[in-house]
Q: 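Have a look at this one.
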Amino acid sequence: MAGSGTLSAFRLPPLPTIREIIKLFRLQAAKQLSQNFLLDLRLTDKIVRKAGNLTDAYVYEVGPGPGGITRSILNANVAELLVVEKDSRFIPGLQMLSDAAPGKLRIVHGDVLTFKIERAFPESLKRQWEDDPPNVHIIGNLPFNVSTPLIIKWLENVSCRDGPFIYGRTQMMLTFQKEVAERLTANTGSKQRSRLSVMAQYLCSVQHILTIPGQAFVPKPEVDVGVVHFTPLVRPRIEQPFKLVEKVVQNAFQFRRKFCYRGLGMLFPEVERVESTGKLLELADVDPTLRPTQLSVSHFKSLCDVYRKMCDEDPLLFAYNFREELKQNKSKNQEKEDDKEKHRL
Ligand code: SAM
């Protein structure tokens, strides 16, 4: 990480409080957009400190809203902060912050789900994947319905080393509903172990670093909030395409409470299900009577490696979808019933 090249630390000049900004620009939280704001700057400072040393860093903040976390990031002596905010009502308040921090804050009125961060920061920041992480950080307190699809998209970007990871192993710190934060970090065998745990942990070192009680937000959300830090691993713990891993993991967790062979069986067409599931589990050396929550990342590595070989041998296998087969069987049965009915008449 880059050391401090600056002689004096930057501090924002005195500004209206976030509460005053909300009043001034009439920024009532939009319930339908799940907007919950952090007004306490000591808390936003604490959150930002957890992202690590941001001196001279290039930071991408997603969903800055009225700008609480934004202020704490600017006070952390960053080189540049780029914020992407979807709701245009927040832009004038952010502009006020930008005026108070000349040359440091870039504001984009846009959507994080489509914004291309890979072109936003200087090329010179790029590091080799095996090097220490670049001095580029992602920080965000997004609505829960955005942060979960976004982390899935970014995990796929980690596996392809594109998007925000064009700079190297860019670190991320994002908020989630507390239960989702627990799922992301859950160990093998724990109750919260899920598809998200495996998908995040095979690609990143994941830490649940802070829980923020719901009361800290205005308006108060129904649940507490977990802050999770992700650092992409130098070597993913499963070296297969993201979509293949996702398919195996999704199927394995299809029936969480049953033995794992039940869900994994859904990877195969009904006619060969029993035989192929047996082969998969035997070659991967995985006990069929483990529950999905008891499968470790190394179990998934073996399962994905064997499934990959099976897909290479049968090019139609990867496209197989058991829901499609169920649908087709249902409509065939319906046709038979209709024929019977016709003959009876
Ligand atoms: N970061 C602020 C804070 O902590 O007080 C605001 C948090 S609020 C939960 C989420 C913010 O993300 C809102 O300002 C909302 O408008 C913004 N947002 C929601 N969806 C977004 C998207 N797809 N792209 C960019 N911003 C989004």
Side-chain angles (χ1 to χ4, degrees), residues 12 15-51 54 59-76 78 81-98 105-117 120 137-154 157 163-164 172-178 180-181 209-228:
L12 282 165
L15 288 164
T17 62
I18 299 288
R19 204 177 282 278
E20 285 163 348
I21 292 276
I22 289 174
K23 262 202 188 147
L24 188 64
F25 295 103
R26 299 170 187 269
L27 303 176
Q28 278 80 5
K31 246 204 160 154
Q32 70 277 21
L33 293 180
S34 311
Q35 290 175 340
N36 310 97
F37 306 135
L38 285 167
L39 308 189
D40 178 353
L41 293 182
R42 279 167 311 179
L43 181 57
T44 55
D45 281 349
K46 183 174 172 186
I47 294 170
V48 168
R49 272 198 304 275
K50 297 277 183 190
L54 296 185
V59 180
Y60 174 31
E61 189 196 353
V62 289
I69 294 177
T70 318
R71 291 186 188 203
S72 297
I73 298 172
L74 287 169
N75 278 331
V78 297
L81 169 59
L82 174 88
V83 296
V84 174
E85 172 56 59
K86 193 174 177 180
D87 185 341
S88 59
R89 297 177 307 144
F90 295 111
I91 306 298
L94 293 167
Q95 194 54 54
M96 182 190 264
L97 270 185
S98 173
L105 176 60
R106 243 197 302 165
I107 304 162
V108 174
H109 177 211
D111 190 325
V112 295
L113 292 165
T114 50
F115 181 72
K116 297 230 173 306
I117 185 69
H137 296 255
I138 297 176
I139 299 179
N141 171 28
L142 280 166
F144 304 137
N145 61 344
V146 179
S147 52
T148 306
L150 190 63
I151 193 61
I152 295 284
K153 174 176 144 79
W154 279 343
N157 289 142
M172 305 179 266
M173 201 178 68
L174 299 168
T175 56
F176 297 89
Q177 193 173 330
K178 185 172 161 240
V180 176
I209 50 172
L210 193 65
T211 297
I212 313 174
Q215 301 91 275
F217 295 84
V218 177
K220 176 183 170 301
E222 310 251 304
V223 290
D224 291 342
V225 172
V227 183
V228 181

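As a basis for the values below, the full set of heavy atoms in this structure was taken, side chains included, without hydrogen atoms, waters or symmetry mates. Just follow the structure's listing: the first ligand is 1, and inside any ligand the first atom is 1.
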Q: Quick check: closest heavy atoms across Lys220 and Gly214, and the distance to 0.1 Å?
A: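 For Lys220 versus Gly214, the nearest heavy atoms are CG-O, 3.5 Å.
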Q: Is the closest side-chain heavy-atom distance between Ile139 and Leu54 below 4.5 Å?
A: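 Of all side-chain heavy-atom pairs linking Leu54 with Ile139, at least one is under 4.5 Å.
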Q: Going by the order shown, which atoms of ligand 1 are within less than 4.0 Å of some heavy atom of Gly110?
A: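 Close to Gly110: 24 (N), 25 (C).
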Q: Is the backbone of Pro219 close enough, under 3.5 Å, to the side chain of Asn36 for a donor and an acceptor to pair up by distance?
A: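 Looks like yes, one N/O pair under 3.5 Å.
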Q: Answer yes or no: is there a donor N or O on one side and an acceptor on the other, between the side chain of His109 and the main chain of Lys86, under 3.5 Å?
A: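 Indeed, once roles are kept as given, a pair shorter than 3.5 Å links the two residues.
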Q: Taking heavy atoms and a distance under 4.0 Å, where does Val146 meet ligand 1: side chain, backbone, both or neither?
A: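 Side chain only; the backbone of Val146 stays clear of ligand 1.
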Q: Using a strict 4.0 Å cut-off to heavy atoms of Asp111, name the atoms of ligand 1 that fall inside it.
A: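 This gives 22 (C), 23 (N), 24 (N) as the contact atoms.
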Q: Hey, looking at atom 17 (C) of ligand 1, which of Glu85, Arg89, Lys86 has the closest heavy atom?
A: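 Going through Glu85, Arg89, Lys86 one by one, Glu85 has the nearest heavy atom to atom 17 (C) of ligand 1.
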Q: Minimum distance, heavy atoms only, to atom 8 (S) of ligand 1: which one of Asn36, Thr175, Ile22 is it?
A: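 Looking at heavy atoms only, the winner is Asn36.
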Q: Considering distance alone, does some N or O of Leu113 sit under 3.5 Å from an N or O of ligand 1?
A: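 In this structure, Leu113 places no N or O atom under 3.5 Å from an N or O of ligand 1.
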Q: For ligand 1, which atoms sit closer than 4.0 Å to a heavy atom of Ile69?
A: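 With Ile69 as reference, the close atoms of ligand 1 come out as 4 (O).
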Q: Please check: side-chain N/O of Glu20 versus main-chain N/O of Thr17, any donor-acceptor pairing under 3.5 Å?
A: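 Looks like yes, one N/O pair under 3.5 Å.
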Q: Can you check whether Gln28's main-chain N or O pairs, donor with acceptor, with Arg89's side chain at less than 3.5 Å?
A: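 Flag set: sc Arg89 to bb Gln28 pair under 3.5 Å.
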Q: With atoms numbered from 1 as shown, which atoms in ligand 1 lie under 4.0 angstrom from a non-hydrogen atom of Val84?
A: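 In order of numbering, the contacting atoms are 25 (C), 26 (N).
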Q: Which atoms of ligand 1 have any heavy atom of Asp87 under 4.0 Å away?
A: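 Atoms satisfying the 4.0 Å criterion: 16 (O).
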Q: Could a heavy atom of Pro64 be found less than 4.0 Å from some atom of ligand 1?
A: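 Per 4.0 Å heavy-atom rule, Pro64 contacts ligand 1.
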Q: Determine, stepwise, if the pair Val83 / Leu97 fulfils side chain to side chain contact (heavy atoms under 4.5 Å, CB included).
A: CA-CA 11 Å; Val83 296; Leu97 270 185; over 6 Å; no
Q: What about Phe90: any of its N or O atoms under 3.5 Å from an N or O on ligand 1?
A: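 No: no nitrogen or oxygen of Phe90 is under 3.5 Å from one in ligand 1.
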Q: Counting N and O atoms only, with roles assigned by atom type, does the side chain of Thr44 sit under 3.5 Å from a partner on the main chain of Ile69, one being a donor and the other an acceptor?
A: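 Flag not set: sc Thr44 to bb Ile69 has no pair under 3.5 Å.
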Q: Polar contacts were defined as any N/O atom of the residue lying under 3.5 Å from an N/O atom of the ligand; does this apply to Leu38 and ligand 1?
A: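 Yes, since at least one N or O of Leu38 sits under 3.5 Å from an N or O of ligand 1.
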Q: For atom 4 (O) of ligand 1, which of the options Thr44, Leu150, Asn141, Asn145 provides the nearest non-hydrogen atom?
A: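 Closest candidate by heavy-atom distance is Asn141.
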Q: Classify the ring geometry between Phe90 and Phe37 as parallel (under 30°), tilted (30 to 60°) or perpendicular (over 60°).
A: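 Because their plane-to-plane angle is over 60°, the rings of Phe90 and Phe37 count as perpendicular.
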